[in-house]
Amino acid sequence: MQLETTFRGLSPADSGNATRMLEKHVARFDRLIEEPSTLRAVVDGGPECKVTLSLHLRRGELDASSSTHEIHEAVAQACEKLKTQIVRYRHRHEADRHRPAVTPT
C-alpha cells in the first residue's frame, strides 16, 4: 500500500508523530487489503486537529475523517473508522465471490 500525506499547519514534531502513527496503521490495513491501493492522508493542524483519510481501491473509494484536540487521537480515530469500512468492504467482496452466477432462463 502506498501512503501519500499532506500536512497543513503542523510543527515538524507533530508531522513526525502523525507520520509514525499512519505508517503503523497502514501496515495493519495492508494485511486486510489484498490489492494494490493508495491511502491519502490530509492532516490539518490548529486548535482542533482534523485528519481525513481516503483509500483508493480498484472497486471504489473509502473515506474516513476525525477531528479532536490531540493529533494522535484524531489519527487513531480516523484509522479505526477506515478499518471498519475496510472490513465491511472485504466481507461484501467475499460474499459476492461465493454467490452463484445467475443464468438466464
Side-chain angles (χ1 to χ4, degrees):
M1 177 179 299
Q2 185 178 4
L3 176 63
E4 297 177 3
T5 56
T6 302
F7 300 109
R8 298 180 190 141
L10 293 178
S11 68
D14 286 340
S15 297
N17 288 337
T19 301
R20 279 190 295 281
M21 287 199 67
L22 286 167
E23 287 173 348
K24 182 173 92 173
H25 286 282
V26 164
R28 294 175 185 164
F29 296 157
D30 227 1
R31 290 190 294 262
L32 291 172
I33 300 173
E34 300 167 344
E35 61 187 67
S37 56
T38 302
L39 176 66
R40 290 196 178 109
V42 178
V43 182
D44 292 315
E48 187 168 274
C49 297
K50 181 178 181 187
V51 177
T52 305
L53 302 175
S54 179
L55 181 63
H56 300 277
L57 302 167
R58 275 187 271 161
R59 297 178 122 196
E61 184 174 318
L62 304 175
D63 297 312
S65 64
S66 177
S67 60
T68 184
H69 295 289
E70 297 293 326
I71 192 157
H72 64 279
E73 238 180 88
V75 171
Q77 288 175 0
C79 287
E80 189 60 34
K81 289 177 182 179
L82 188 62
K83 181 183 154 225
T84 302
Q85 291 182 28
I86 291 170
V87 169
R88 270 194 240 134
Y89 170 87
R90 184 174 172 161
H91 286 276
R92 274 195 305 262
H93 182 66
E94 287 173 356
D96 287 344
R97 193 173 19 183
H98 297 297
R99 187 174 291 157
V102 177
T103 56
T105 55

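The figures that follow rest on heavy atoms only: side chains count, while hydrogens, waters and symmetry mates do not.
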- Would you say the side-chain atoms of E61 pair up with the backbone N or O of S54, donor to acceptor, closer than 3.5 Å? no
- Message: Checking one residue: I71. Which other hydrophobic residues are in its cluster under the side-chain 4.5 Å linking rule?
- Response: M1, L3, F7, L10, M21, L22, V26, F29, L32, I33, L39, V43, V51, L53, L55, L57, L62, V75, L82, I86, V87, Y89
- Quick one: which residue pairs count as a side chain to side chain donor-acceptor pair (under 3.5 Å) with a foot in residues 19-28, not counting sequence neighbours? N17-R20
- So do Q77 and S67 actually touch side chain to side chain, heavy atoms under 4.5 Å? no
- Query: If you draw a 6.0 Å radius around NZ in K81, do more than 12 non-hydrogen atoms from other residues or ligands fall strictly inside?
  - Reply: yes
- Hey, what do you get for OG1 (T6) to CZ (R40), rounding to the nearest 0.5 Å? 9.0 Å
- Message: Testing the basics here: between R59 and E35, what is the closest heavy-atom pair and its distance to 0.1 Å?
- Response: N-OE2, 4.3 Å
- Considering all heavy atoms of both residues, which atom of A74 and which atom of S66 are nearest to each other, and what is their separation? O-CB, 3.5 Å
